[in-house]
Amino acid sequence: VAAKGLWEDLEPLLRGGNIDYTMFWRQLSHIADLDIKATNEERLALLKDAWYKEPTASQRKQFGEWIDDWVAHLEADSQRSNAGARMRAVNPKYIAREWILVECYEAAAKGDYSVLETLYNLFLTPYDEHPQLEGKYYGRAPDAATRAGGVAFMT
């Protein structure tokens, strides 16, 4: 399976999958690290937090088949070694999402620049792991943010 064909198969899945793209690519890097014999359920479990709503059985099947093809492509091209690390080096874990920035500019408007300082330091190294900040800043938009005016579109 050629890389172009992989993208042509994946792109409509992403568009219709109610999935956070940033989290998808980042979590896909962890799928690359799994044992070659990992099941689709084990692979898809790494994507569970990226979906905005539970995928249908059909979507799970389609994503699972795509992942099978992708892993086979990595193996066939001898690209599987360190594929996860290579992907994490180019797919940031942390991005300046509007729902994150709302907290920052609301705090700054009150004279509290601590959130700004935290985010500034986080975005200096967006590809790195920051376990102390992961729970707050690595994730899809909270449900309230997906419906908030001025926030939802950019989240």
Side-chain angles (χ1 to χ4, degrees), residues 3 6-7 9-35 38-57 59-64 66-68 70-71 73-74 79-155:
L6 284 169
W7 171 248
D9 291 342
L10 178 63
E11 192 265 338
L13 291 176
L14 291 174
R15 272 190 294 113
N18 289 306
I19 197 163
D20 183 287
Y21 287 25
T22 300
M23 290 187 71
F24 172 80
W25 293 110
R26 188 67 181 205
Q27 293 307 111
L28 190 63
S29 74
H30 295 292
I31 292 171
D33 293 337
L34 291 176
D35 186 275
T39 67
N40 271 334
E41 285 307 309
E42 291 169 318
R43 293 170 175 166
L44 291 172
L46 291 174
L47 295 175
K48 72 177 174 61
D49 292 332
W51 271 292
Y52 280 96
K53 66 181 190 180
E54 188 67 28
T56 65
Q59 288 171 320
R60 292 181 68 79
K61 181 179 184 293
Q62 290 174 319
F63 272 95
W66 183 87
I67 291 169
D68 284 343
W70 176 68
V71 169
H73 173 75
L74 291 177
Q79 295 182 24
R80 190 139 185 277
S81 177
N82 296 321
R86 290 192 320 269
M87 290 177 71
R88 286 186 291 279
V90 296
N91 291 287
K93 184 167 186 169
Y94 302 97
I95 61 170
R97 298 171 184 264
E98 188 66 23
W99 63 269
I100 293 172
L101 299 178
V102 167
E103 175 192 10
C104 180
Y105 57 71
E106 286 178 348
K110 296 175 186 170
D112 177 2
Y113 298 99
S114 63
V115 178
L116 176 63
E117 184 178 343
T118 297
L119 291 177
Y120 171 77
N121 288 317
L122 177 65
F123 295 143
L124 285 174
T125 55
Y127 300 91
D128 295 353
E129 297 296 326
H130 296 275
Q132 73 282 13
L133 299 173
E134 184 171 323
K136 187 167 188 174
Y137 297 121
Y138 181 64
R140 62 182 194 271
D143 290 341
T146 64
R147 295 183 300 272
V151 177
F153 180 74
M154 295 304 293
T155 295

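Along the sequence shown, residues carry numbers from 1.
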Please assess E103 against L119 for the test side-chain contact (heavy atoms from CB on, under 4.5 Å), listing each intermediate value before the final yes or no.
CA-CA 10 Å; E103 175 192 10; L119 291 177; over 6 Å; no
Closest non-hydrogen atom pair between [X] and [Y], with its separation:
{"X": "T118", "Y": "Y137", "value": "CG2-CE1, 4.2 Å"}
{"X": "L44", "Y": "R60", "value": "CD1-O, 3.5 Å"}
{"X": "G84", "Y": "A32", "value": "N-CB, 3.8 Å"}
{"X": "I19", "Y": "F24", "value": "CD1-CD1, 3.7 Å"}
{"X": "Y127", "Y": "V90", "value": "CE2-C, 3.4 Å"}

Does [X] reach the side chain of [Y], with side-chain heavy atoms less than 4.5 Å apart?
{"X": "N91", "Y": "Y21", "answer": "no"}
{"X": "R43", "Y": "V71", "answer": "yes"}
{"X": "L14", "Y": "W25", "answer": "yes"}
{"X": "W70", "Y": "L10", "answer": "no"}

Checking [X] side chain against [Y] main chain: does a donor-acceptor pair fall under 3.5 Å?
{"X": "R97", "Y": "R140", "result": "no"}
{"X": "W51", "Y": "N18", "result": "no"}
{"X": "E42", "Y": "D35", "result": "no"}
{"X": "Q27", "Y": "L47", "result": "no"}

For the [atom1] atom of [X] and the [atom2] atom of [Y], what is their distance to the nearest 0.5 Å?
{"X": "R80", "Y": "D33", "atom1": "CZ", "atom2": "CG", "answer": "8.0 Å"}
{"X": "M87", "Y": "I31", "atom1": "CE", "atom2": "CD1", "answer": "8.5 Å"}
{"X": "W99", "Y": "C104", "atom1": "CH2", "atom2": "SG", "answer": "13.0 Å"}
{"X": "E41", "Y": "K48", "atom1": "CD", "atom2": "NZ", "answer": "13.0 Å"}
{"X": "L122", "Y": "K93", "atom1": "CG", "atom2": "NZ", "answer": "10.0 Å"}
{"X": "F63", "Y": "I67", "atom1": "CZ", "atom2": "CD1", "answer": "8.0 Å"}

Give me the ring orientation class for Y138 and Y94: parallel if the planes are under 30° apart, tilted from 30 to 60°, perpendicular past 60°.
perpendicular
Residues K110, E106: salt bridge by 4.0 Å N-O rule:
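No, this pair does not count.
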Should R26 and E129 count as an ion pair when the cut-off is N to O under 4.0 Å?
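Here R26 pairs with E129 in a salt bridge, since their nearest N and O are under 4.0 Å apart.
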Residue Y120 excluded, over 12 heavy atoms near OH under 6.0 Å
no
Does a sphere of radius 6.0 Å around CG in N82 hold more than 12 heavy atoms from other residues, nucleotides or ligands, not counting ones at 6.0 Å or beyond?
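Open: at most 12 neighbouring heavy atoms sit under 6.0 Å from CG of N82.
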